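Here's the structure, in structure tokens; my notes come after.
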Amino acid sequence: MNPSPLAVVQAQLDAYNAKDLDALMRTYAPDAQQFALHGALLAEGHAQIRPRYQERFAEPDLQARLLNRSVLGNFVTDLEIVTRNFPEGLGTVEMLCVYEVVDGRIARASFATGEKRLYPSSAA
């Protein structure tokens, strides 16, 4: 029996915050697709998805905090605030993530990125 869509997406978020690339990849179908919401294909399959997360996981302060989650059948929508190490400095960005879970794995994910907010610089 496959885990629920809610359990799959939670496992994905937990792996993301633990920077556990192998655990995160287990939540995605081998032929999964990632999109900009209503837009372009960002990555397809493990071979393209893995390096996207591997690069992101190099950020020392990376952390996603779940603000809201909705589940409708096999769709899970998360609203998150993500702390990132941007080239311009440490900050946050809101993310809307829509996951479609098929046979116990994420088959499609779409992401909308909100406004980047940089923390005030500690250097004056």
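The first residue in the sequence is number 1, and the count goes up from there. Computed from a predicted structure; not experimentally measured.
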Beyond-backbone contact of Leu13 with Arg69, side-chain heavy atoms, under 4.5 angstrom: yes
Distance in Å, Phe111 CZ paired with Leu37 CG, rounded so as to fall on 0.5 Å steps: 10.0 Å
Inter-residue atom distance Asp61.CG - Thr83.OG1, 0.5 Å rounding: 7.5 Å
Electrostatic pair Glu59:Arg84 at N-O distance under 4.0 angstrom: yes
Atom CG of Leu72: over 12 foreign heavy atoms under 6.0 Å: no
Check: Tyr28/Tyr53 side-chain N/O donor and acceptor closer than 3.5 Å: yes
Rounded distance (nearest 0.5 Å) linking atom OG1 of Thr27 with atom CG of Leu24: 4.5 Å
Short N-O contact, Glu55 and Arg52, less than 4.0 angstrom: no
Nearest-0.5 Å distance, CD of residue Gln12 to CZ of residue Arg26: 13.0 Å
Asp103 CG to Asn2 CG distance, which is reported to the nearest 0.5 Å: 5.5 Å
Heavy-atom side-chain proximity of Met95 to Thr113 below 4.5 angstrom: yes
Carboxylate-amine/guanidinium proximity below 4.0 Å for Glu88 and Lys116: yes
Side chains of Tyr99 and Thr77 in contact at under 4.5 Å (non-hydrogen atoms): no
Asp22 with Arg50: basic N within carboxylate O range, under 4.0 Å: yes
